[in-house]
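Since the structure comes first, as structure tokens, the remarks are kept for the end.
These values consider heavy atoms only, across backbone and side chains, with no hydrogens, waters or symmetry-generated copies. Quick note on labels: first sequence line is chain A, next is B, and so on, each numbered from 1.
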There are 2 protein chains.
Amino acid sequence: MKDIKHFLRQNSLRPTKQRVIIASYLFDGVNKHVTAETLSNKLLKMKAGISLATIYNTLHDFYEKGLLKKLMINSDRIYFDTNTEHHHHFYSKKDQKLIDINVDMKVSGLPKPPKNKKINKIEVLVHLDN
Amino acid sequence: MKDIKHFLRQNSLRPTKQRVIIASYLFDGVNKHVTAETLSNKLLKMKAGISLATIYNTLHDFYEKGLLKKLMINSDRIYFDTNTEHHHHFYSKKDQKLIDINVDMKVSGLPKPPKNKKINKIEVLVHLDN
DNA sequence: CAATACATTAGAATCGTTCTAAACTGATAT
DNA sequence: ATATCAGTTTAGAACGATTCTAATGTATTG
């Protein structure tokens with residue numbers, strides 16, 4: 001509790017009631033993949049009614065501070081990942097579920113990037129049966 | 001022209017005026033990445049005013065028949081790819097541009113998929129500087 | 001060439017997300 | 001403590017991509 005406030009302050013984020021609740025859920029030590037909607041539902045279950053606008057604001061604030069990663073998985077909605085380390089994912093479209101791949105993977109045979117462009121990062125998405 | 005109508009019929013698609021125009025643009029031999037909006041703009045420039053609803057319908061019809069691939073690149077809009085072979089991409093967020101990677105790449109070090117799941121396909125997205 | 005099943009269309013509806021502007025609250029200085 | 005003020009929350013409006021609706025049009029079949 002004290003440490004979450006401290007954690008937010010360390011990241012130049014005022015520890016408001018709402019941000020403390022959201023941060024303590026997101027950063028409880030278990031990596032998560034959330035959308036605004038799934039987070040809102042989870043918070044409702046925890047009896048913390050936080051407006052959708054605040055949820056969007058907070059996810060973006062955390063993202064801006066590098067506390068969350070944005071995932072481009074699906075054109076329907078934006079996914080945020082609490083694991084900001086470079087890593088890859090399994091994705092099950094059927095279950096709309098993401099699973100972290102935390103082992104080291106290598107991609108070989110990569111061609112040269114186009115002129116004047118540098119490779120920033122390589123993202124591997126492993127699609128599971130439908 | 002004759003062959004495009006034939007091509008559409010072969011794919012159980014009635015060769016309407018609009019579908020012929022869109023197909024002859026999309027499948028002219030040069031692979032393309034389009035969104036409903038970029039396709040609409042291109043068609044307007046070609047003086048072919050086709051309603052947005054038809055563009056969406058047609059893209060989805062072509063997708064259903066396996067003539068287009070859907071790319072999950074970005075949560076803002078849906079990208080369709082005329083290259084339906086298994087391949088990978090460079091992506092420049094800054095330019096909002098995709099570039100095909102047609103060489104063979106290998107991903108090594110992949111962990112086992114979760115129980116009862118099979119790997120369907122592996123997609124590699126190479127992000128270019130910002 | 002009539003019948004009909006399928007397509008196209010404008011505009012309305014939908015849905016995720018962002019914006020607005022008014023009310024609120026944490027930090028700071030007094 | 002308290003007033004001040006910048007930063008935050010919120011409901012609801014607005015937005016933009018996409019889908020739906022239902023009326024009109026057209027390719028196919030007999």
Side-chain angles (χ1 to χ4, degrees), chain A residues 1-25 33-44 47-65 67-68 70-80 96, chain B residues 1-2 4-26 33-44 47-65 67-68 70-80 96:
Chain A
M1 188 55 103
K2 192 79 231 146
D3 32 323
I4 282 162
K5 290 193 178 186
H6 185 235
F7 168 77
L8 289 169
R9 277 205 200 82
Q10 275 186 322
N11 287 284
S12 329
L13 290 165
R14 241 193 237 178
T16 63
K17 197 153 47 113
Q18 293 83 345
R19 299 217 270 226
V20 167
I21 292 169
I22 294 175
S24 40
Y25 167 64
H33 306 105
V34 302
T35 67
E37 200 198 358
T38 64
L39 178 54
S40 175
N41 289 339
K42 185 63 80 176
L43 292 168
L44 284 175
K47 312 227 169 279
I50 296 179
S51 84
L52 252 194
T54 299
I55 290 173
Y56 278 105
N57 289 340
T58 303
L59 286 171
H60 283 122
D61 294 343
F62 288 3
Y63 171 72
E64 297 288 302
K65 301 301 181 185
L67 306 177
L68 292 175
K70 228 184 259 197
L71 300 181
M72 307 196 299
I73 290 303
N74 182 307
S75 302
D76 291 352
R77 50 190 27 67
I78 300 172
Y79 283 81
F80 290 90
Q96 294 254 314
Chain B
M1 187 55 102
K2 193 79 229 146
I4 283 161
K5 290 193 178 186
H6 186 234
F7 168 76
L8 288 169
R9 276 203 201 85
Q10 273 186 322
N11 285 285
S12 331
L13 289 165
R14 243 193 234 179
T16 63
K17 194 153 47 114
Q18 292 85 343
R19 299 215 269 225
V20 167
I21 292 170
I22 295 176
S24 40
Y25 167 64
L26 289 178
H33 305 107
V34 303
T35 67
E37 200 197 357
T38 65
L39 179 54
S40 175
N41 290 339
K42 184 62 80 178
L43 292 168
L44 283 175
K47 313 230 171 276
I50 296 180
S51 84
L52 253 194
T54 299
I55 290 173
Y56 278 105
N57 287 341
T58 303
L59 287 172
H60 283 123
D61 294 344
F62 288 4
Y63 171 71
E64 297 287 303
K65 301 301 181 185
L67 306 177
L68 293 173
K70 227 184 260 194
L71 300 181
M72 306 196 299
I73 289 303
N74 182 307
S75 302
D76 291 350
R77 52 191 22 68
I78 299 172
Y79 284 81
F80 290 91
Q96 293 256 316

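Atoms CD1 (A/Ile21) and C1' (D/dT9) sit 12 Å apart, rounded to a whole Å. One can place NZ of B/Lys70 at 17 Å from P of D/dA17, the figure rounded to the nearest angstrom. For the pair B/Glu64 CD and D/dT19 C1', the computed distance is 14 Å after rounding to whole Å. Computed from coordinates, the A/Leu8 CG to D/dT8 C1' distance equals 13 Å when rounded to whole Å.
Along DNA chain D, the nucleotide closest to A/Asp61 and the one closest to B/Ala36 are compared, and the more 5′ of them pairs with A/Asp61. Taking the nucleotide of DNA chain D with the nearest heavy atom to each of B/Asn57 and A/Leu52, the more 5' of the two is matched to A/Leu52.
Residues B/Phe7 and B/Asn11 meet the side-chain proximity criterion, which asks for heavy atoms closer than 4.5 Å.
Residues B/Ala23 and B/Leu8 share a closest heavy-atom pair of CB-CD2, 4.2 Å. Of all heavy-atom pairs between A/Ala36 and A/Leu52, the closest is O-CD2, 4.4 Å.
By the side-chain contact (heavy atoms from CB on, under 4.5 Å) test, B/Asp76 pairs with B/Asn74, sequence neighbours left out. For B/Ile78, the side-chain contact (heavy atoms from CB on, under 4.5 Å) partners at least two apart in sequence or on another chain are A/Ser75, B/Lys70, B/Phe80. By the side-chain hydrogen bond (donor to acceptor under 3.5 Å, both in side chains) test, B/Thr54 is found to be paired with B/Ser51, residues two or more places apart in sequence or in another chain being considered. Shown here are the side-chain hydrogen bond (donor to acceptor under 3.5 Å, both in side chains) partners of B/Ser24, two or more places apart in sequence or in another chain: there are none. In this view, B/Thr16 and B/Arg14, B/Gln18, B/Arg19 satisfy the side-chain contact (heavy atoms from CB on, under 4.5 Å) rule, not counting sequence neighbours. Residues that satisfy the ring pair (Phe, Tyr, Trp, His ring centres under 6.0 Å) test with A/Phe62, not counting sequence neighbours, are A/Phe27. When the side-chain hydrogen bond (donor to acceptor under 3.5 Å, both in side chains) test is applied to B/Glu37, the partners found at least two apart in sequence or on another chain are B/Arg77.
Along DNA chain C, the stretch of nucleotides lying under 4.0 Å from any heavy atom of chain A spans, 5' to 3', C/dG16 to C/dA27.
How far CD1 of A/Ile73 is from CD of A/Gln96: 10.5 Å, rounded to the nearest 0.5 Å. With rounding to the nearest 0.5 Å, the separation of CG in B/Leu59 from OG1 in B/Thr35 is 8.5 Å.
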Exercise for review: Show your working on side chain to side chain contact (heavy atoms under 4.5 Å, CB included) between B/Leu26 and B/Leu67 and close with a plain yes or no.
Suggested key: CA-CA 10 Å; B/Leu26 289 178; B/Leu67 306 177; over 6 Å; no
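With the end axes of the helix from C/dC1-D/dG30 to C/dT30-D/dA1 each set by five pairs, the angle from one to the other reads 30° at 10° resolution.
Shown for residues 72-80 of chain A: no residue has heavy atoms falling under 4.0 angstrom of DNA chain D.
A close approach under 4.0 Å does not occur between any side-chain nitrogen or oxygen of B/His60 and OP1 or OP2 of D/dT18. Of the side-chain N and O atoms in B/Tyr56, one or more sit less than 4.0 angstrom from OP1 or OP2 of D/dT18.
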So which protein nitrogen or oxygen atoms get under 3.5 Å of nucleotides 27-30 of chain D's nitrogens or oxygens?
residue	atom	partner	partner atom	Å
D/dT28	OP1	B/Arg9	NE	3.2
D/dT28	OP1	B/Arg9	NH2	3.4

